[in-house]
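Note sheet for the following structure.
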Amino acid sequence: MSDITLYHNPRCSKSRQTLELLRERGVEATVVEYLKTPPDRAELEAILDLLGVEPRDLIRSGEAEYREAGLDDPSLSRDALIDAMLKYPRLIQRPIVVANGRAAIGRPPERVLEIL
């Protein structure tokens with residue numbers, strides 16, 4: 001099996017469940033605590049491409065940073081939304097698993113099994 005990366009927030013129950021699910025199946029992923037080690041622009045753009053989504057689809061709109069930064073403005077460009085996720089990594093939906101040239105958001109956690 002190729003390299004597997006889990007973009008993880010240990011305070012998030014879905015993220016913890018996804019990590020546990022992977023381990024139960026004998027899958028050892030490289031765990032990136034993205035709040036401590038945020039992705040850079042190229043990495044975030046690659047994740048968006050693998051997921052096949054636009055930045056707005058990956059943003060957690062319930063976070064305070066979303067409101068404070070005015071990210072509900074529909075005229076914001078793709079680059080502006082990516083900039084916001086880079087500045088406030090807490091806005092990035094979680095967990096994300098990247099494996100085999102594909103990516104999945106673990107909501108529900110079982111969704112990540114589709115790419116393994």
- [ ] Is it possible for you to say whether Val53 and Leu6 belong to one hydrophobic cluster, with membership spreading through side-chain heavy-atom contacts below 4.5 Å?
- [x] no
Task: Candidate pair Arg78 and Glu54, rule side-chain contact (heavy atoms from CB on, under 4.5 Å), full reasoning - done: CA-CA 7 Å; Arg78 184 177 203 273; Glu54 288 301 315; 3.1 Å; yes
TODO: Considering non-hydrogen atoms only, spot the tightest contact between Leu81 and Pro55 and give its length.
DONE: CB-CB, 3.7 Å
TODO: Kindly give the heavy-atom pair with the smallest separation between Cys12 and Arg107, and that separation in Å.
DONE: SG-NH2, 3.6 Å
- [ ] Taking all non-hydrogen atoms of both residues into account, name the closest pair between Pro10 and Glu33 and its distance.
- [x] CG-OE1, 3.6 Å
TODO: Could you pull out the closest heavy-atom pair between Ile105 and Arg94, with the gap in Å?
DONE: CG2-O, 4.3 Å
TODO: Indicate, with yes or no, if Val97 and Tyr34 share a hydrophobic cluster defined by side-chain heavy-atom contacts under 4.5 Å among Ile, Leu, Val, Met, Phe, Trp and Tyr.
DONE: no
Task: Backbone N/O of Ala42 and side chain of Asp40: donor-acceptor pair under 3.5 Å - done: yes
Open item on the list: Using side-chain heavy atoms (C-beta onward) and a distance below 4.5 Å, is Pro95 in contact with Val112?
Closed with: no
Open item on the list: Using side-chain heavy atoms (C-beta onward) and a distance below 4.5 Å, is Leu116 in contact with Arg25?
Closed with: no
Open item on the list: For a quick test of reading the model, state the closest non-hydrogen atom pair linking Ser61 to Arg67 and the distance between them.
Closed with: O-NH1, 4.3 Å
Open item on the list: Quick check for you: to the nearest 0.5 Å, what is the distance between Arg56 atom CZ and Leu71 atom CG?
Closed with: 7.0 Å
Open item on the list: Starting from Leu35, can I reach Val31 by hopping between I/L/V/M/F/W/Y residues whose side chains sit under 4.5 Å apart?
Closed with: no
Task: Close side-chain approach of Ile92 and Ile47, heavy atoms under 4.5 Å - done: no
- [ ] For Glu43 and Tyr7, run side-chain hydrogen bond (donor to acceptor under 3.5 Å, both in side chains): C-alpha distance rounded to whole Å, both residues' side-chain angles, the deciding distance at 0.1 Å, then the answer.
- [x] CA-CA 11 Å; Glu43 193 175 2; Tyr7 291 89; 2.5 Å; yes
Open item on the list: Within the structure provided, determine whether Pro109 and Lys14 are in side-chain contact (heavy-atom separation under 4.5 Å).
Closed with: yes
Open item on the list: Within this structure, what is the CD-CD distance for the pair Glu63 and Gln93, rounded to the nearest 0.5 Å?
Closed with: 9.0 Å
Open item on the list: Let me confirm one number: the CG-CD1 distance from Leu76 to Ile82, rounded to the nearest 0.5 Å.
Closed with: 12.0 Å
- [ ] Calculate, to the nearest 0.5 Å, the distance between atoms CE and CG belonging to Met85 and Leu91 respectively.
- [x] 8.0 Å
Open item on the list: Applying a strict under-4.5 Å side-chain criterion to I, L, V, M, F, W and Y, I'd like to know whether Leu50 and Leu22 cluster together.
Closed with: no
Task: Closest non-hydrogen atom pair between Val98 and Ala103, with its separation - done: CG2-CB, 4.0 Å
Task: Gap between atom CZ of Arg16 and atom CZ of Arg11 - 0.5 Å precision - done: 9.5 Å
Open item on the list: With a 4.5 Å cut-off on side-chain heavy atoms, are Thr5 and Val32 touching?
Closed with: yes
TODO: Mind checking the CG-CD1 spacing from Leu51 to Ile96? Nearest 0.5 Å is all I need.
DONE: 6.0 Å
